[in-house]
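Step one of this worksheet: look at the structure below.
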Amino acid sequence: MTFTVSQIAEIISASIEGDPKATIHTICKIEEGIEGGLSFLANPKYTDFIYKTKATAVIVANDFVPEKKISATLIRTENPYLALAKLLETYQQMKPKKTGIASQSCIAKTATLGKNVYIGEFVSVGENVVIEDNVQLYPHVCLGDNAKIGKNSILYSGVKLYADCEIGHDTIIHAGAVIGADGFGFAQQDGDYVKVPQIGNVIIGNFVEIGANTCIDRATLGSTKIHDFVKLDNLIQIAHNCEVGEGSAFAAQSGMSGSTKIGKKAIVAGQVGIIGHLKIGDNVIIGAQSGVTNHVPDNKIVLGTPAISAIEEKKLIIYRKKLPELFNQINLLEKHQKKSE
């Protein structure tokens, strides 16, 4: 598809410096710009590329002030990265959506299907499943009995949604994710482990996105809950009876142990580990590779293992770097003391 710069500016409510009639047929990185390409500048580290990019147009911030001549047409907006997201979303919506039911799928007679659904090859749909309008199920998706999926949601290839679990509307789940496997519940008896049946479910809200190969365990009793607008990266583990508050986001390889609850708009960076039965407040930020072993109040930023105030942990990092120097100084003092005795 081809657009003019003026059409693009209208979509993102932006102003133009340059040729509004210039045509755009692709989106490219600013360092790999080509004629007919649209790029963007959101990170100051890439500013040098704007002076030599071959892209036809570049989305920049309203306050961007060029230091050299720029050949590309500039499209000015408040937030270039957000503007790009809006453009890409518009482009996605213009693409034809898959519909229809593959002959090689297996759908229980008691399942309820909405309008304009897509069910790909080798999809398995269990008894009493409810699939609302415009849902897309890519090949090899498996839906257990009594599962529910809200309108406009997309489950990519290989997603497994166990029995009784629910997904809201406009939610995206990427390939290989497993929703509703048994929680890690075992009781010890005479040195052996006895399985505690996991009879709860998982409830996922609206406008949620879940990355590839992420696992969310069903509750022992009740529900594991992922609230609206939560964003989970790839390779994340959410254990049984956990709760993730509205608008929170997790980076890859993070994990929560059972029955921990995280508040609204929390940010959990990569490779964070959180023990069970904790309460993490609203607007909390947990730095990468932290190990959280205690409750965290609202609006706190924590870092390290065990996780403490980020300010205090940064001080400790500086002190640790100085340990070799301090060790040598102590050795010298000890030698000096022995000589003086």
Q) Under the side chain to side chain contact (heavy atoms under 4.5 Å, CB included) criterion, do L161 and I173 qualify, and how do the steps go? A) CA-CA 10 Å; L161 182 67; I173 303 180; 5.7 Å; no
Testing the 3.5 Å rule here: is there a donor-acceptor pair between the side chains of [X] and [Y]?
| X | Y | answer |
| --- | --- | --- |
| N299 | N283 | yes |
| D170 | N206 | no |
| D233 | Q253 | no |

Taking the side chain as C-beta and beyond, is there a heavy-atom pair between [X] and [Y] under 4.5 Å?
| X | Y | value |
| --- | --- | --- |
| L87 | I59 | yes |
| V125 | S105 | no |
| T47 | F64 | yes |
| V284 | I262 | no |
| Y91 | I27 | no |
| K68 | I50 | no |
| V244 | M256 | yes |
| Q92 | K95 | yes |

Please report the closest heavy-atom contact between [X] and [Y], naming both atoms and the distance.
| X | Y | result |
| --- | --- | --- |
| E246 | H227 | N-CB, 3.6 Å |
| G287 | L303 | CA-CD1, 3.7 Å |
| E127 | D145 | N-OD1, 2.8 Å |
| S254 | A269 | OG-O, 2.7 Å |
| G168 | S153 | O-OG, 2.7 Å |
| P139 | Y118 | CD-OH, 4.0 Å |

Atom pair [atom1]/[atom2] of [X] and [Y] - distance to nearest 0.5 Å:
| X | Y | atom1 | atom2 | result |
| --- | --- | --- | --- | --- |
| I236 | T214 | CD1 | OG1 | 4.5 Å |
| K261 | C242 | NZ | SG | 8.0 Å |
| Y156 | I210 | OH | CD1 | 13.5 Å |
| I131 | I119 | CD1 | CD1 | 4.5 Å |
| I154 | I172 | CD1 | CD1 | 5.0 Å |
| T171 | L155 | OG1 | CG | 9.0 Å |

Q: Please assess E312 against K315 for the test salt bridge (Lys or Arg N to Asp or Glu O under 4.0 Å), listing each intermediate value before the final yes or no.
A: CA-CA 5 Å; E312 293 303 314; K315 289 179 182 178; 3.7 Å; yes
Q: Would you please test F207 and H169 for ring pair (Phe, Tyr, Trp, His ring centres under 6.0 Å) and show each step?
A: CA-CA 7 Å; F207 300 102; H169 63 76; 5.1 Å; yes
Q: Please assess I216 against I226 for the test side chain to side chain contact (heavy atoms under 4.5 Å, CB included), listing each intermediate value before the final yes or no.
A: CA-CA 9 Å; I216 303 174; I226 309 297; 4.0 Å; yes
Q: Verify side-chain hydrogen bond (donor to acceptor under 3.5 Å, both in side chains) between N234 and N213, making sure each step is shown before the conclusion.
A: CA-CA 6 Å; N234 304 327; N213 295 320; over 6 Å; no
Can a donor-acceptor pair be found, under 3.5 Å and without considering hydrogens, that links the side chain of [X] to the backbone of [Y]?
| X | Y | value |
| --- | --- | --- |
| K98 | Q136 | no |
| T4 | A22 | no |
| T73 | P20 | no |
| D133 | K115 | yes |
| D164 | N201 | no |
| T53 | I30 | yes |
| S259 | H277 | no |
| S39 | E31 | no |
| R76 | A61 | yes |
| T260 | L278 | yes |

Q: Give the ring-plane orientation class for Y193 versus F186, where under 30° counts as parallel, over 60° as perpendicular and anything between as tilted.
A: perpendicular
Q) Quick one: which of T224, T220, N241 gives a side-chain hydrogen bond (donor to acceptor under 3.5 Å, both in side chains) with Q198? A) T220
Q) If Ile, Leu, Val, Met, Phe, Trp and Tyr residues are connected whenever their side-chain heavy atoms lie under 4.5 Å apart, and connections chain through other members, are V135 and I101 in the same group? A) yes
Q: Using the rule that two of Ile, Leu, Val, Met, Phe, Trp, Tyr join whenever any of their side-chain heavy atoms come within less than 4.5 Å, decide whether I203 and I149 are in one cluster.
A: no
Q | Full working for side chain to side chain contact (heavy atoms under 4.5 Å, CB included) between V5 and D19 | A | CA-CA 7 Å; V5 168; D19 183 5; over 6 Å; no
Q: Report the C-alpha separation of Q271 and Q289 in whole Å, then their side-chain angles, then the decisive distance to 0.1 Å, and conclude whether the side-chain hydrogen bond (donor to acceptor under 3.5 Å, both in side chains) test is met.
A: CA-CA 5 Å; Q271 297 186 331; Q289 296 189 325; 2.6 Å; yes
Q) Between L316 and I308, does a side chain to side chain contact (heavy atoms under 4.5 Å, CB included) hold up when you go through it step by step? A) CA-CA 10 Å; L316 290 176; I308 58 174; 3.8 Å; yes
Q.
For E243 and K279: C-alpha separation, side-chain torsions, deciding distance, then whether salt bridge (Lys or Arg N to Asp or Glu O under 4.0 Å) applies.
A. CA-CA 10 Å; E243 186 169 347; K279 183 176 180 181; over 6 Å; no
